[in-house]
**Q** 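A single structure is presented below for examination.
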Amino acid sequence: MRKTLILVLGLLLALALSSCSPRDFLTRRLAADLISASDAFKTPRQFALQTGIISNKDFVSPDYLVLQQHGWISASTARCSSNLASPPCWDVVLTPSGVETVRALVPAEEADKTLFSVPVARRELVSVSGISKQGNVADVDFTWRWLPLNEIGAALYSGDVRYNSTVEFRDYDDGWRIVLAHSAPGSGQRLDDALKNAEPAP
């Protein structure tokens with residue numbers, strides 16, 4: 001009798017577990033897997049490098065100063081075009097070192113353009129630091145960093161800087177998912193907003 005009871009309980013437990021999906025329980029591991037696999041998180045950071053006539057505001061931006069310090073661009077003063085702000089303006093060109101560096105990162109058909117979109121870094125999830133659940137909704141706190149993809153990325157982004165973000169998850173009929181769109185104002189952050197609003201970790 002006792003063996004039969006244990007067998008029945010074992011079968012019931014097995015049936016209960018088999019009816020559960022791994023996504024039915026929001027663990028830190030599941031949250032990390034879903035964040036890392038999402039398109040918003042996996043999309044690499046692009047840097048728009050403009051050559052030709054640019055405004056002084058763009059020329060003295062931190063990114064362009066880094067490119068100058070590495071000897072990838074040089075510039076001379078130039079007359080501002082009608083769509084740019086007041087003088088001074090700059091005529092930016094790639095140096096021989098800059099041409100060599102950029103050529104390896106852009107398709108050959110874009111080599112003669114004045115605006116290059118260069119993939120420079122990708123995100124890496126460092127950890128999920130907390131989950132706050134309320135019913136079928138949860139806020140997930142996580143830390144991530146940029147990993148440079150090339151020389152330009154290494155110059156612009158440090159892998160040592162960590163960022164904190166919070167994203168909303170929701171429990172649907174097929175399990176927990178990252179919220180991609182909001183229908184109600186005041187609800188939690190979508191992942192793309194969480195990444196844009198990231199704060200440097202202390």
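Here the structure is a predicted model, which is why all the values come from computation and not from measurement.
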**Q** Could you check whether any side-chain N or O of R170 sits under 3.5 Å from a backbone N or O of V137, counting only pairs where one atom can act as donor and the other as acceptor?
**A**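 Pair absent, no side-chain N/O of R170 close to backbone of V137.
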**Q** Set out, in order, the CA-CA distance, both residues' side-chain angles and the distance that settles side-chain contact (heavy atoms from CB on, under 4.5 Å) for I73 and L94, then state yes or no.
**A** CA-CA 4 Å; I73 61 172; L94 291 171; 4.0 Å; yes
**Q** Can you tell me if CD on E124 sees more than 12 non-hydrogen neighbours from other groups inside 6.0 Å?
**A**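 Correct, the count exceeds 12.
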**Q** I'd like to know if the side chain of T51 and the backbone of V92 have a donor-acceptor N/O pair within less than 3.5 Å.
**A**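 Between the backbone of V92 and the side chain of T51 there is no qualifying donor-acceptor contact (under 3.5 Å).
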**Q** Answer with yes or no whether the side chains of Q189 and N197 bring together a donor and an acceptor at under 3.5 Å.
**A**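 Yes.
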**Q** Under 3.5 Å, is there a donor on one side chain and an acceptor on the other for D141 and S129?
**A**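 The criterion, which ignores hydrogens and geometry beyond distance, is not satisfied for S129 and D141.
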**Q** Evaluate side-chain contact (heavy atoms from CB on, under 4.5 Å) for D63 paired with V66, printing each intermediate quantity in order.
**A** CA-CA 5 Å; D63 291 344; V66 168; 5.7 Å; no
**Q** Between the main-chain N or O of F142 and the side-chain N or O of S165, is there a donor-acceptor pair closer than 3.5 Å?
**A**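 Flag not set: sc S165 to bb F142 has no pair under 3.5 Å.
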**Q** Going by the angle between their ring planes, with limits at 30° and 60°, are Y157 and W146 parallel, tilted or perpendicular?
**A**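 Y157 and W146: tilted rings.
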**Q** Could you please spell out the steps behind the side-chain contact (heavy atoms from CB on, under 4.5 Å) verdict for F41 and L34?
**A** CA-CA 10 Å; F41 193 81; L34 293 176; over 6 Å; no
**Q** Does T101 have any side-chain contact (heavy atoms from CB on, under 4.5 Å) partners at least two apart in sequence or in another chain, and if so, which?
**A**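 In terms of side-chain contact (heavy atoms from CB on, under 4.5 Å), with neighbours along the sequence ignored, T101 is linked to W72, S97, E151, I152.
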**Q** Decide yes or no on side-chain contact (heavy atoms from CB on, under 4.5 Å) for V118 and Q46, but give the supporting numbers first.
**A** CA-CA 5 Å; V118 181; Q46 301 285 328; 5.6 Å; no
**Q** What do you reckon, is NZ of K133 surrounded by more than 12 foreign heavy atoms closer than 6.0 Å?
**A**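 Atom NZ in K133 is crowded, with more than 12 foreign heavy atoms closer than 6.0 Å.
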**Q** Could you check, using the six-membered ring where one of them is a Trp, whether Y163 and W144 have ring centers closer than 6.0 angstrom?
**A**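 So the answer is yes for these two rings.
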**Q** Considering only heavy atoms from C-beta outward, does the side chain of L26 approach that of F169 to under 4.5 Å?
**A**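 When only atoms from C-beta onward are counted, F169 and L26 do touch, with a gap below 4.5 Å.
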**Q** For S158, check side-chain contact (heavy atoms from CB on, under 4.5 Å) against everything at least two apart and list the hits.
**A**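 Expected list: D160, V161.
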